[in-house]
2 protein chains.
Amino acid sequence: MSEAPPTAPKRSRIQQRNRKRILEAALDVFSQHGYRGSTLDQIAEAAGLSKPNILYYFSGKEEIHVTLLARLMEAWLDPLEQMNANGDPLTELLGYIRRKMEMSRLYPRESRLFANEIIQGAPRMGGNLETGLKPLFDEKCRLIQDWVDAGLLAPVDPAHLIISIWATTQHYADFEAQVRVLIPDNEAAWTAAQQHVETMFTKLLAP
Amino acid sequence: MSEAPPTAPKRSRIQQRNRKRILEAALDVFSQHGYRGSTLDQIAEAAGLSKPNILYYFSGKEEIHVTLLARLMEAWLDPLEQMNANGDPLTELLGYIRRKMEMSRLYPRESRLFANEIIQGAPRMGGNLETGLKPLFDEKCRLIQDWVDAGLLAPVDPAHLIISIWATTQHYADFEAQVRVLIPDNEAAWTAAQQHVETMFTKLLAP
DNA sequence: TCGTGACTTTACCAAATGGTAAAAAAGAGA
DNA sequence: TCTCTTTTTTACCATTTGGTAAAGTCACGA
């Protein structure tokens, strides 16, 4: 029996609450230990439910993980989608960078969940990368290329620009354990990071 | 019985050969599946040895992983160590970036092993981060700060500069699965990436 | 308040997995 | 060749882990 009817996902209040709990707990556990490093017992304990009870709401461990990844994908793409073709190029790109930085700071678990999955070759992402990420990536690459061609930005490879924005912003969430050792003052680290990243891309992009 | 006598690690030819095989196989497996995602059976199969035979050379799964991480740390620090205080600042930094990029291209498994470990909170790195990485990081931060103070580089936060160099260069190895989807032509991707990263940091650092 | 379907718990299980004991085999030196 | 040490294999084992069956328990509308 499929647990996610495509037509009507009508779920009772209890179902909504418990599914939410489970996904929240699973995000915690999966992002910290990776897929295989996490156990249903850990997730169950974190969710305050019994293991069989969890399997009443999800068909298995993998389905929980896949559900998390699918939901995450939307949230992840959103800041890029917001980049407006009609705005000022530099402003739009810096806005995107700021939103990305914000996400790293506010949702490090999501970032690490994603990173874990990609590093291991994205075995559970299905076609999400091709069907979700790629089209948007290509679209925004064309947009940036147009801006460059119009002389509104310094010449830059759009694809690698986006990739380097991802790299720098996500790094602070994904490699937090390292950053914390190297820059002990966490508060200061984030503001300085914000400053640094903005300066870097401003210098790169100013026409 | 400790397997690594601190005084004399005198190992027979067979020991040397088999330990090497095991570490090579383990690097393959660990970097692809993470610590808990990897099994001794997988490592044994990849090494062409039986599981108990592997446990004849290493006291357990964790010891293999820790050994890999410790070895990796040295290789990882080397490019940064090479950055010379007496050279031209911009040349030295670009040289470092080039070496880092090279390492990502040539040793993606090592990069991913490291990334996996850090993302999960570095539970098996022991004090390697504090005792190995931190001192060198601090030393090079001071060096860069001196260069900035002498007006040889544009004003930049040394710590975040180094971190952003790591982020951009390692991203191509760690997130290879994603990059391959977005930029299908792998050959072109690397040369364009090299170009992009160099341009980016040149613009950031030129005084 | 009673019955029915939604939800939970208890008691399991089979497979996988890290690891061990001890016997067998293979080397190496005399 | 014979002996002693190193290396490898065979046969296990205890625990963990994802998952199931089935017997409860609960909530809510009639």
Side-chain angles (χ1 to χ4, degrees), chain A residues 1-5 8-30 32-69 116 120 123-124, chain B residues 1-5 8-30 32-69 116 120 123-124:
Chain A
M1 229 159 287
S2 155
E3 56 52 70
K10 50 181 175 184
R11 299 214 169 91
S12 75
R13 242 166 299 115
I14 293 178
Q15 287 220 6
Q16 275 184 294
R17 174 173 53 84
N18 282 353
R19 281 181 64 96
K20 208 172 184 175
R21 271 194 194 176
I22 292 168
L23 289 174
E24 169 66 21
L27 175 58
D28 237 52
V29 176
F30 279 137
Q32 201 169 111
H33 303 108
Y35 179 75
R36 282 218 46 191
S38 306
T39 70
L40 282 175
D41 290 290
Q42 278 177 292
I43 296 171
E45 160 135 31
L49 298 171
S50 68
K51 183 167 65 175
N53 203 178
I54 279 184
L55 293 167
Y56 174 75
Y57 291 100
F58 291 89
S59 70
K61 182 181 174 183
E62 182 156 354
E63 204 211 308
I64 303 177
H65 198 258
V66 167
T67 303
L68 276 177
L69 283 175
N116 259 313
Q120 300 185 8
R124 277 167 293 275
Chain B
M1 231 158 285
S2 157
E3 55 53 70
K10 51 182 174 185
R11 300 215 169 91
S12 75
R13 243 166 296 113
I14 294 180
Q15 287 219 7
Q16 274 185 296
R17 175 172 53 84
N18 281 354
R19 280 180 65 95
K20 208 173 186 175
R21 271 194 194 177
I22 292 168
L23 289 174
E24 169 66 22
L27 175 58
D28 237 52
V29 176
F30 279 136
Q32 203 169 109
H33 306 287
Y35 179 74
R36 284 218 44 192
S38 305
T39 69
L40 282 175
D41 289 290
Q42 279 176 292
I43 296 170
E45 159 135 32
L49 298 170
S50 68
K51 183 168 64 175
N53 202 8
I54 279 184
L55 292 168
Y56 173 74
Y57 291 100
F58 291 89
S59 69
K61 183 183 174 181
E62 183 157 352
E63 204 211 308
I64 302 177
H65 197 257
V66 167
T67 303
L68 275 177
L69 283 176
N116 259 314
Q120 299 185 9
R124 278 167 294 276

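Bear in mind the structure is a predicted one, so any value in this text is a computation, not a measurement. Within every chain, numbering begins at 1; the chains are lettered A, B, ... in the order of the sequence lines, protein sequences first and strands thereafter.
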First and last nucleotide of DNA chain D in contact with chain B, 5' to 3', at under 4.0 Å to a heavy atom: what are they? D/dT6 to D/dT17
Provide the closest heavy-atom pair for A/G60 versus A/L55 in the form atom of the first, atom of the second, distance. CA-CD2, 3.8 Å
What one should report as the nearest heavy-atom pair of B/S38 and B/H33 is OG-CB, 3.6 Å
Starting from the 5' end of DNA chain D, give me the residue, B/R17 or B/R36, whose nearest nucleotide shows up first. B/R17
Distance check needed: C/dA15 C1' versus B/D41 CG, whole Å only. 12 Å
From OH of B/Y35 across to C1' of C/dT17 the rounded distance in Å is 12 Å
Among side-chain atoms of B/Q120 and A/N116, is any donor-acceptor pair under 3.5 angstrom? yes
Distance, rounded to the nearest Å, where A/N18 contributes CG and C/dA6 contributes C1': 12 Å
Within the 3.5 Å criterion, strictly below it, is a donor on A/S59 or A/E63 matched to an acceptor on the partner's side chain? yes
Whole angstrom is fine here: how far is it from CD1 in A/I54 over to P in C/dT9? 11 Å
Considering non-hydrogen atoms only, spot the tightest contact between B/I22 and B/I43 and give its length. O-CG2, 4.2 Å
Expressed as a whole number of angstroms, how long is the span from A/Q15:CD to C/dG5:C1'? 12 Å
Would you mind reading off the distance between A/L55 atom CG and C/dT10 atom P, rounded to a whole angstrom? 16 Å
Looking at A/Y56, does any N or O in its side chain come under 4.0 Å of the phosphate oxygens OP1/OP2 on C/dT9? no
Checking only heavy atoms, does the side chain of B/K51 share a donor-acceptor pair with the base of C/dG18 at less than 3.5 Å? yes
Sugar-phosphate, base or nothing in reach of A/S50, heavy atoms under 4.0 Å: base
Look at the aromatic rings of B/F30 and B/Y35 and report parallel, tilted or perpendicular, splitting at 30° and 60°. parallel
Euclidean distance, atom CG of residue B/L40 to atom P of C/dG18 [Å, nearest integer]: 5 Å
Could you list the residues that satisfy side-chain contact (heavy atoms from CB on, under 4.5 Å) with A/Q32, not counting sequence neighbours? none
